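Everything below concerns the one structure shown next.
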Amino acid sequence: MRRFLLGLGALAVSAMIALPLQAQAPAQPRVLKIQTSWPASSQAFDQMQAFGKRLEVVTGGRIKMEALPGGQIVPPFEVLDATHKKVIDGAHSWPGYWVGRNKTAILFTGGPGGPHGMDLIDFMSWMWHGGGFDMMQKFYRETMKMNVISIPMHTQSPQALGWFKRKIDNVQDFKGMRCRETGIAQEVFNEMGMRTVNMPGGEIMPAAERGVIDCAEWVGGIDDLKFGFHTIWKWHYAPSLHEPVSIGELMINLDVWNTFTPADQELIKTVAWETLFWHWAKWQRMNAEAVEEFKTKHGVNVMYTPPEILKEFLAAWDRVAAKEAAKNPIFKEVYESQKKWASVTVPMKKVYFPPYAIAADHYWPDKK
């Protein structure tokens with residue numbers, strides 16, 4: 001009996017030791033399958049990969065991500081529907097691609113003119129503190145009927161005007177040119193007399209090589225260098241007001257999202273916002289080096305966009321926005337919310353923030 005009792009005691013001790021070890025055994029990691037709207041060669045795709053690596057680190061490997069380039073499962077412009085239907089867990093894209101369904105979508109990217117003169121941090125101030133994030137979720141779920149959550153995720157802005165086969169001096173030089181544009185900017189440039197065509201990023205270079213288009217806008221800087229625009233066209237213009245602020249998104253199917261704990265949901269949002277600014281800082285330096293390479297190695301004429309074009313673009317956008325607000329109450333609601341926010345922020349920054357060119361010209365005057 002004594003031996004029997006000792007045996008039972010040993011079994012009990014073994015069980016007590018084994019239970020905590022089993023409880024501590026790592027669970028299988030969650031793997032999110034996220035398709036982007038970008039080619040694998042783009043900086044936006046690099047940013048998505050950086051987000052995935054960072055998310056894995058901060059969650060201790062509990063949440064991982066499989067980043068897929070545009071077209072791997074569905075075409076680049078179909079990731080919204082694919083996320084809604086749970087064909088993929090989520091997408092890394094840009095709300096401006098959905099303007100064909102409802103033009104309000106462009107306002108959640110920042111949109112033409114800022115909007116209302118705002119820069120990126122002004123826009124994110126509206127997004128985080130002015131009700132923008134909640135308006136965006138309501139737009140997707142109630143207006144678009146999409147079962148998704150959209151989180152501001154990346155930026156590649158301000159963007160360049162683009163690449164042209166010849167020198168551009170004024171708005172008249174746009175007449176008859178066939179250019180790749182996308183989003184609401186396509187409609188605004190049409191208003192200015194340009195002939196535009198919309199196509200995914202991966203189709204721009206083949207169209208340019210075949211002479212189907214005379215000019216194109218993609219992003220600028222490092223992204224354009226990777227695409228090789230300089231091998232076809234030698235006239236590159238910046239800045240532009242079509243996307244002075246351009247915020248992309250991480251979309252996740254809402255059913256998938258709701259399987260995460262509230263703590264993990266906050267972690268995902270936090271890593272998305274951290275990656276937004278981390279990659280933006282990296283991208284700025286890469287752009288600077290790319291522009292220098294355009295000029296010194298590839299014989300590109302990097303030109304300042306004529307002010308007439310910038311001013312006419314804003315006037316054309318104001319006309320397009322006014323027409324849309326008159327017939328689209330959702331567009332009007334968001335547009336007026338942004339305008340109200342900008343009416344306080346932008347005038348303050350005109351006083352408090354020194355014009356960038358003053359110090360820049362003092363230390364780095366333009367070469368004659």
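It should be emphasised that the depicted structure is a prediction, and the values quoted were computed from it without experimental measurement.
- Few gaps surround NZ on K349; more than 12 heavy atoms of other groups in view lie less than 6.0 Å from it.
- Ion pairing between a basic and an acidic side chain is recognised when a charged N comes within 4.0 Å of a carboxylate O; R166 and D173 show no such pairing.
- Using modelled atom types, one side-chain atom of N253 and one backbone atom of H84 make a donor-acceptor pair closer than 3.5 Å.
- A salt bridge links R62 to D264: at least one charged side-chain nitrogen sits closer than 4.0 Å to a carboxylate oxygen.
- K138 NZ: 12 or fewer foreign heavy atoms inside a 6.0 Å radius.
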Working note: W163 + W218, criterion ring-ring contact (aromatic ring centres under 6.0 Å, His included); need CA distance, chi angles, decisive distance, verdict.
CA-CA 9 Å; W163 294 81; W218 174 230; over 10 Å; no

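- When the shell of 6.0 Å around NZ of K269 is examined, it contains more than 12 heavy atoms from other residues, nucleotides or ligands.
- Taken from CD1 in I34 to CD in E66, the straight-line distance is 9.5 Å, to the nearest 0.5 Å.
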For a side chain to side chain contact (heavy atoms under 4.5 Å, CB included) check, start with the C-alpha distance between W233 and V300, then their side-chain angles and the critical distance, and finish with the verdict.
CA-CA 8 Å; W233 297 310; V300 173; over 6 Å; no

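- Taking the side chain as every heavy atom from C-beta outward, W317 and V320 approach each other to under 4.5 Å.
- For Y140 and F108, the distance between ring centers is not under 6.0 angstrom.
- Taking CG of L250 as the reference point, atom CG of L55 lies at 9.0 Å (rounded to 0.5 Å).
- Between G248 and W94 the shortest heavy-atom distance is CA-CD1, 4.2 Å.
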Worked verdict on V31 versus I63 for side chain to side chain contact (heavy atoms under 4.5 Å, CB included)
CA-CA 6 Å; V31 180; I63 305 175; over 6 Å; no

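- Listed here is the closest heavy atom pair of F45 and A40: CD2-O, 3.7 Å.
- The pair K323-D318 fails the salt-bridge criterion, with no side-chain N (NZ, NE, NH1 or NH2) lying under 4.0 Å from an Asp/Glu carboxylate O.
- With salt bridges taken as basic N to acidic carboxylate O contacts below 4.0 Å, one links D214 and K165.
- With salt bridges taken as basic N to acidic carboxylate O contacts below 4.0 Å, one links E187 and K103.
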Carefully, step by step, assess H279 and H154 under the rule ring-ring contact (aromatic ring centres under 6.0 Å, His included).
CA-CA 8 Å; H279 186 267; H154 78 284; 7.9 Å; no

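- Just one residue in the list M177, E217, R195, H242 forms a side-chain contact (heavy atoms from CB on, under 4.5 Å) with F189, and that residue is H242.
- Classification of R319 and E312 as a salt-bridged pair holds, one side-chain N sitting under 4.0 Å from a carboxylate O.
- For K167 and D169, the salt-bridge test passes: some basic side-chain N is under 4.0 Å from an acidic carboxylate O.
- Checking side-chain atoms of S37 against main-chain N and O of P76 turns up a donor-acceptor pair under 3.5 Å.
- Between Y304 and Y237, the ring center distance fails the sub-6.0 Å criterion.
- For H236 and F294, the ring centers sit closer than 6.0 Å to each other.
- Other residues, nucleotides and ligands contribute at most 12 non-hydrogen atoms within 6.0 Å of the NZ atom of K339.
- Applying side-chain hydrogen bond (donor to acceptor under 3.5 Å, both in side chains) to H92 and the options Q35, Q49, Q47 leaves one that passes, Q47.
- Checked for salt-bridge contact, E56 and K53 miss the test: no charged N lies under 4.0 Å from a carboxylate O.
- Using a cutoff of 4.0 Å between basic side-chain nitrogens and carboxylate oxygens, R101 and D81 are scored as salt-bridged.
- Between the side chain of W38 and the backbone N or O of D46, no donor-acceptor pair lies under 3.5 Å.
- Using a cut-off of 4.0 Å between Lys/Arg side-chain N and Asp/Glu carboxylate O, R285 and E289 are scored as salt-bridged.
- Looking only at atom types and distance, the side chain of W341 has no donor-acceptor partner in the side chain of D122 under 3.5 Å away.
- If you check the side chains of T196 and R178, you find no donor sitting under 3.5 Å from an acceptor.
- If you take CD on Q156 and CD1 on I222, they are separated by 11.0 Å, rounding to the nearest 0.5 Å.
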